[in-house]
Amino acid sequence: MTLCSSALKDANIPATMRAVVNYGPKDYRLEMHFPTPVPKEGELLVKVLAVGICAGDAKCYSGAPHFWAPGGHLGQPYVQPPIIPGHEFV
């Protein structure tokens, strides 16, 4: 089954969500009305209740070269803003 925007609405999933969005080193912003992603074929949407911050998140925020320097994946920096960071959640 492929979900689309109308299917999310039918499932009582809001069109927007709160998210911390990374726009660059030391430029993280709390967005109160960020568009809720629509899952593609083979993906699912997870409701997050709480989040944690790991050492990698702190390094990315501070501008560590591993995240921002060219030469990462396909010659591009690892982080391509705007992006919602994090992988530790409940």
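Just so it is clear, the values below take in all heavy atoms, side chains as well, and ignore hydrogens, waters and symmetry mates.
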Please tell me if the side chains of Leu30 and Met32 come closer than 4.5 Å, counting only heavy atoms from C-beta onward.
yes
In terms of heavy-atom contacts, Phe67 and Gly56 come closest through CZ-O, 3.5 Å
### Message
Treating Trp68 as the side-chain partner and Val79 as the backbone partner, does any N or O pair qualify as donor plus acceptor under 3.5 Å?
### Response
no
Minimal heavy-atom distance between Pro25 and Gly63, with the atoms involved, is CB-CA, 3.8 Å
Between the CD atom in Glu31 and the CE atom in Met17, the distance rounded to the nearest 0.5 Å is 10.0 Å
Name the atoms and distances for all side-chain donor-acceptor pairs under 3.5 Å in residues 80-90, with sequence neighbours left out.
from, atom 1, to, atom 2, distance (Å)
Gln80, NE2, Pro77, O, 2.9

cation_pi(Arg18, Phe34) dist<6.0 Å, angle<=45: no
Here the gap from Arg29 atom CZ to Asp27 atom CG, rounded to the nearest 0.5 Å, amounts to 4.0 Å
Heavy-atom nearest pair, Gly24 first then Asn22, reads N-OD1, 2.8 Å
**Item:** Heavy-atom check, side chain of Pro39 versus side chain of Leu44, under 4.5 Å
**Value:** no
Distance col, row Ser62:OG vs Asp57:CG, nearest 0.5 angstrom, shows 11.0 Å
| query | Taking the six-membered ring for Trp, are Tyr23 and Tyr28 ring centroids under 6.0 Å apart? | reply | no
